[in-house]
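This report refers to the structure that appears directly beneath it.
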There are 2 protein chains.
Amino acid sequence: MKKDATTEEKIKAAAKEVFLAKGFAGCSSREIAKAAGENVALVNYYFRSKGQLFELIFKSAMEDFLLSMIHVFNSEQSLEQKMRIFIEREFEFLTKHPELPSFIINEMNREEGCAVGEHTIHFEKIAETGIFNECIKAQQEGTMREINLISVIMLIMSNCQYPTMAKNLMKNIHQLTDEEYTLQLKTHQSHVTEMLVNYLFPKNNSTK
Amino acid sequence: MKKDATTEEKIKAAAKEVFLAKGFAGCSSREIAKAAGENVALVNYYFRSKGQLFELIFKSAMEDFLLSMIHVFNSEQSLEQKMRIFIEREFEFLTKHPELPSFIINEMNREEGCAVGEHTIHFEKIAETGIFNECIKAQQEGTMREINLISVIMLIMSNCQYPTMAKNLMKNIHQLTDEEYTLQLKTHQSHVTEMLVNYLFPKNNSTK
DNA sequence: GCTTGTTTTAAACACTTGTTTAAAATAGTT
DNA sequence: AACTATTTTAAACAAGTGTTTAAAACAAGC
């Protein structure tokens, strides 16, 4: 946390930390205030309610989440190479922010349905990079497998996000230490990369 | 819910439903009691505390979760065929219990660390089916790719579980209806199956 | 100095939380 | 029937919840 941040920023930073770790229902306003080193009333003074503060945090988390996808797509490289780099960046990003996918999926599954319908905006930014058109073109040329683009995204997300989300589960089931799991993750990443690239860009000309 | 269940069973059933949907922090004792149609005090009368009731539910959920893996492994079939059937069963199971993976992963990530260290027991049951030895043998014979078995499990879990966990996220991002997503899931399943089988059991003899 | 407006504080609000209690209802046994 | 043990109830408990309030502290301008 920065040193001379304003009270508002301190609360926001603390809220992000606590919300991401424990979810909306898993923490209290007082906990956030304490984490920020400020009075409870200030949470409502600056953000009106716990709910509105959460909404704010959630949106920015969602933005981080989706923007982490965009950077690679604009570069000048082959689709296959882009895919390789993208997976690498994704693993890198998720190692730094392991709580993010769980957080978003959870809060998305809450009954109150967090801020539904607004996140397509960011997704359209991804579309604007032209990556989807690039895929369609590659599919017409036969260098990429005929596959629904939603499935492509799902394959990538599944294989990149799940391993970081399920860290504690996996550690427990397989009796691994933190270091062992980090190592495991590294070799897993290369499997994921090879598997996805092999499947999406088959080398022998039987695209099925 | 069954008609003439005992009060204890009614509470347990209600607790399972509510806990799975909302998590430990996301619901109250009174909510569970109301869902069971019983008095709040009975929750503590039969289960002593919300925490102990949760522990009970969590363990049985974990059991469902892991036992869903075991059934296929004993059958008499080729490894590849077993894998295909396993993935099919897994998708089938997860469609019926979509909250299960999120629930377990979440509660596993809670600070209190739910009942850590006891779940290896079930996992050992999987080992007893001999599936792991079978894999090692296949790897020696060259019919299966040289790959850490933990990675194999992770690949399967990632690709089967994530798509059901992220349903609401995906629906929102891609603006899909429930029916559209179910359809999408169906075609995704076949991609997952082909991709995993192709990667784990490569046909051309270049196992790398 | 005093007077503005903003920021921070401690205290209180009404309500929900998990849990306990003591009395009431019920079932079981002789 | 009467006595027992079990089950269920409504009420209460202290502690914690999100939020509001009214007073205090602070800063800036005159």
Side-chain angles (χ1 to χ4, degrees), chain A residues 1-61 103 106-107 110-115, chain B residues 1-61 103 106-107 110-115:
Chain A
M1 216 172 294
K2 286 171 188 172
K3 282 198 82 174
D4 54 348
T6 76
T7 311
E8 189 175 351
E9 290 169 337
K10 277 201 277 184
I11 293 176
K12 210 154 126 184
K16 184 161 196 170
E17 197 171 329
V18 177
F19 276 143
L20 276 172
K22 308 194 170 191
F24 180 78
C27 70
S28 68
S29 302
R30 282 170 174 81
E31 191 176 349
I32 292 172
K34 190 172 282 181
E38 300 290 344
N39 193 293
V40 211
L42 293 176
V43 174
N44 285 51
Y45 177 74
Y46 284 108
F47 303 96
R48 299 199 64 89
S49 75
K50 185 192 177 191
Q52 268 185 253
L53 174 55
F54 179 82
E55 199 100 336
L56 207 75
I57 300 302
F58 182 81
K59 277 185 190 159
S60 95
F103 172 72
N106 283 334
E107 303 298 341
R110 275 233 318 277
E111 282 188 40
E112 298 83 9
C114 198
Chain B
M1 216 173 291
K2 288 171 188 172
K3 281 200 81 175
D4 52 349
T6 75
T7 310
E8 190 175 352
E9 290 169 336
K10 278 200 276 184
I11 294 176
K12 211 155 125 184
K16 185 161 195 171
E17 197 171 329
V18 177
F19 275 143
L20 276 173
K22 309 195 169 188
F24 180 77
C27 69
S28 67
S29 302
R30 282 170 174 81
E31 190 176 349
I32 293 172
K34 190 174 281 181
E38 300 289 343
N39 194 292
V40 210
L42 294 176
V43 173
N44 286 53
Y45 177 73
Y46 284 108
F47 302 96
R48 299 200 65 93
S49 75
K50 184 193 178 190
Q52 269 186 253
L53 174 54
F54 179 81
E55 198 101 337
L56 206 75
I57 300 302
F58 181 81
K59 278 185 189 159
S60 95
F103 172 72
N106 283 335
E107 302 299 339
R110 274 233 318 276
E111 281 189 40
E112 297 83 9
C114 197

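These values consider heavy atoms only, across backbone and side chains, with no hydrogens, waters or symmetry-generated copies. Chain A is the first sequence line, chain B the second, and so forth, proteins listed ahead of strands; every chain is numbered from 1.
- Rounded to whole Å, atom P of D:dA10 lies 11 Å from atom CD of B:Glu38.
- What separates NZ of A:Lys50 from C1' of D:dG18 is a distance of 8 Å, to the nearest Å.
- Spacing between atom CG of A:Leu53 and atom C1' of D:dT19 amounts to 14 Å, rounded to whole angstrom units.
- A:Glu8 places no side-chain N or O within donor-acceptor distance of the main-chain N or O of A:Tyr46, the cut-off being under 3.5 Å.
- Going from atom NZ of A:Lys22 over to atom P of D:dG16 covers 14 Å, rounded to whole Å.
- For B:Ser28, counting side-chain heavy atoms from C-beta on, the closest listed nucleotide (D:dT8, C:dT21, C:dT17) is C:dT17.
- The nearest whole Å value for the distance from the OH atom in A:Tyr45 to the P atom in D:dA23 is 17 Å.
- Distances shorter than 4.0 Å separate some side-chain N or O of B:Ser29 from OP1 or OP2 on C:dG18.
- At whole-Å resolution of the value, CD in B:Gln52 and C1' in C:dT20 are 15 Å apart.
- Applying the 3.5 Å distance criterion, the base of D:dG18 shares a donor-acceptor pair with the side chain of A:Arg30.
- A:Tyr46 comes within 4.0 angstrom of sugar-phosphate atoms only, judged by non-hydrogen atoms across all strands, and of no base.
- Nearest-nucleotide assignment on DNA chain C puts the 5′-proximal partner with A:Thr7, out of B:Arg48 and A:Thr7.
- Both tests hold for B:Arg110 against B:Phe54: distance to the six-membered ring centre under 6.0 Å, angle to the ring axis within 45°.
- Atom-to-atom, CG of A:Asn39 to P of C:dA10 comes out at 6 Å; the value is rounded to the nearest Å.
- Contact detail for A:Cys27 and A:Lys50: the closest heavy-atom pair is O-NZ, 2.8 Å.
- Outside the 6.0 Å centre-distance limit, the rings of B:Phe103 and B:Phe19 are not counted as a close aromatic pair.
- Across all strands shown, A:Val43 has no heavy atoms under 4.0 Å from either base or sugar-phosphate atoms.
- Remark: C1' of D:dT17 and CD of B:Glu31 are 16 Å apart, rounded to the nearest angstrom.
- Taking 4.5 Å as the limit, some side-chain heavy atom of B:Lys12 sits within range of a side-chain heavy atom of B:Phe47.
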